[in-house]
Structure formats: structure tokens, C-alpha cells
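In listed order, ligands and their atoms are each counted from 1. When reading the values below, keep in mind they use all heavy atoms of this one structure, side chains included, and skip hydrogens, waters and symmetry mates.
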Amino acid sequence: MRIAVVGGTGLIGSKVVRILDANGHDAVPLSPSTGVDLLSGQGLLEGLKGADVVVNLTNSPTFDEASPAFFQTTMDNLLEAAEDAGVGHAVILSIVGAELVPDLVYYRAKVLQEDILKAGPVPYSIVRATQFFEFIDAAMSWTSDETTVRLPATLVQPMSAQDVAQAVADVSMGAPLRGTRDIAGPEVFTLDELGRIALAAKGDERTVVVDSSAGLFAAASGEALIAKEGAVIAPTTFRDWLAG
Ligand SMILES: NC(=O)c1ccc[n+]([C@@H]2O[C@H](COP(=O)([O-])OP(=O)(O)OC[C@H]3O[C@@H](n4cnc5c(N)ncnc54)[C@H](OP(=O)(O)O)[C@@H]3O)[C@@H](O)[C@H]2O)c1
């Protein structure tokens with residue numbers, strides 16, 4: 001199949017392109033650097049020509065109040081062009097429990113992205129993943145100084161970007177789910193615990209302090225971000241990933 005991967009140069013997108021190609025498909029990465037802009041629609045119809053499937057792995061440049069408009073405009077453009085090009089399956093990557101964290105505008109934006117896809121004209125699949133291991137450094141950088149990293153004790157069940165990409169590629173190569181598949185990592189941590197393990201692995205001697213108001217993940221409580229019943233559990237553990 002010809003599978004267009006919008007955002008195919010990003011963290012997840014580039015891995016998805018490699019997996020699809022390795023499985024004998026014709027994966028076409030589309031992004032601003034290849035002349036396709038999902039915000040303006042420039043180059044999109046041309047890029048989707050002949051595609052059987054489109055996978056949307058773009059991300060908003062910010063996680064703030066601008067993110068809902070990004071996902072609204074990019075999804076509207078994507079679905080219009082996909083319908084015009086006769087694409088038979090549209091896939092997006094969202095976040096486990098996004099609807100359970102309404103105080104986080106970026107998560108509200110991801111729910112909006114899902115709702116636009118579900119209401120649209122193209123048969124669809126939604127993959128919902130938990131937080132990526134690759135994301136922990138960014139999460140720590142928001143609330144750290146030279147001696148201390150402040151993190152909330154939010155429960156997370158993170159996973160590797162490679163396992164996320166495999167799940168997205170598997171769904172993209174199949175028939176539209178017309179529904180959602182959840183994927184999650186094999187272990188549950190509190191975010192502060194995850195931060196301590198990550199710092200220790202790098203010999204970083206900063207101290208992790210629990211702060212229930214620190215960073216974006218302070219908005220998530222209880223088991224909001226943990227795998228729900230029926231979720232597929234990915235194989236790679238955090239320590240395996242750190243060692244890899
Ligand atoms: N972080 C997490 O823990 C997590 C968890 C679950 C789901 N997700 C979701 O995973 C998805 C992919 O995330 P990621 O970390 O792989 O993102 P990323 O590395 O930031 O990559 C974003 C991709 O989108 C492209 N892009 C940005 N603006 C675009 C535009 N206007 N038109 C076309 N392409 C555009 C970028 O192209 P250039 O390279 O040319 O700039 C890049 O290829 C996101 O939707 C995110 O919500 C994230």
C-alpha cells in the first residue's frame with residue numbers, strides 16, 4: 001500500500017516510515033521540510049495523491065492555548081484533502097486518558113482532534129499511547145534548576161517511542177478500526193520515581209523533590225494516565241530502554 005505519513009520526519013513519524021517500508025509498503029513522509037504544510041494545506045492534496053492510508057503524526061509547536069486551533073485547522077485540512085484524494089483510512093496518535101485531564105489544554109486539544117476525526121468522512125483509527133520515555137527529559141526540564149528537579153507524584157505508565165511506532169504502523173497496515181486502540185508501557189511509576197531513575201542512569205546528582213503543582217502533569221490525578229482495560233501492553237521496560 002501507499003501510506004502517507006504526515007509528520008513523517010518527527011520522533012514517531014520517522015520510525016513509523018521505517019517500519020512500513022520494512023514491511024514492503026510505500027511510506028511517504030510529508031512535512032514542512034518535504035513541502036507539505038498541514039496548517040495552510042500547501043502541498044497536501046498532491047502529497048496524498050494515490051495514498052491508500054494517511055497517518056497523521058504531526059504535533060502542535062506548543063502545548064498551550066494555541067494547541068486546540070492547531071489540531072482543529074490541521075484536521076480540517078487533512079480530512080478535506082483525504083476525502084478529495086480518495087484515501088480509505090486515516091490514522092491519528094492520541095493520548096491514553098486525555099479526556100480525564102480537562103485542566104490541561106493540550107489534552108483537550110487531543111480530544112478535539114479525535115472528535116474531528118470520528119465525525120469526519122474518512123474511515124479512521126485512533127491509537128492512544130501513554131507518555132513516551134523520550135519525553136521524560138523535557139518534563140524534567142520545565143521545572144528544574146541546577147540542584148533540584150520538581151515533579152508531581154502523578155501515576156504514569158510510559159513506553160518507548162519505538163513501541164508506539166510499531167503499534168501505529170500495525171494499525172495503519174490493517175483495516176480501519178472505526179474506534180480506538182490503547183497502548184501502554186509494562187510498568188507503572190510515579191513521575192518523581194521515574195525522574196530519579198532517569199537522573200541516576202545519567203549520573204546526574206540533582207535531587208528530585210515531589211511538588212504537586214509542578215509542570216503539566218500536575219493536572220493529572222489518580223489513574224487518569226494509566227492503561228485502561230483492554231490496552232495492549234508494550235514490551236520495552238524503562239530500564240531496558242535506558243540501557244539500549
Ligand atoms: N509526547 C508524548 O508522550 C505523547 C503521547 C501520546 C501521543 N503523542 C502524540 O504523538 C504525536 C507525534 O509526536 P512526536 O513527538 O513524534 O512529534 P514531533 O517529533 O514533534 O514531530 C512532529 C512532526 O510534525 C511535523 N509538523 C509540524 N507542523 C507541521 C505542519 N504544519 N504540517 C505538516 N507537518 C508538521 C514535523 O515536521 P518537521 O520535522 O518538518 O518540523 C514533524 O515531522 C503527537 O500528535 C502527540 O500528540 C505524544
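- Between the side chains of Gln162 and Trp241, no donor-acceptor pair is found at a separation under 3.5 Å.
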Stepwise salt bridge (charged side-chain N to carboxylate O under 4.0 Å, His left out) check, Glu193 with Arg196: CA-CA 5 Å; Glu193 191 185 358; Arg196 279 187 206 97; over 6 Å; no
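- For ligand 1, the protein residues within 4.0 angstrom (heavy atoms only) are Gly7, Thr9, Gly10, Leu11, Ile12, Ser31, Pro32, Ser33, Val36, Asp37, Leu38, Leu39, Leu57, Thr58, Asn59, Leu93, Ser94, Ile95, Tyr106, Lys110, Ala129, Thr130, Gln131, Phe132, Phe135.
- With respect to Glu114 and Arg128, a salt bridge is recorded, a charged nitrogen being found less than 4.0 Å from a carboxylate O.
- In summary, Asp52 and Arg2 do not engage in a salt bridge, as defined by a charged side-chain N under 4.0 Å from a carboxylate O.
- The distance from atom CZ of Arg206 to atom OG1 of Thr148, rounded to the nearest 0.5 Å, is 9.0 Å.
- Between Pro68 and Arg108 the shortest side-chain heavy-atom distance does not fall below 4.5 Å.
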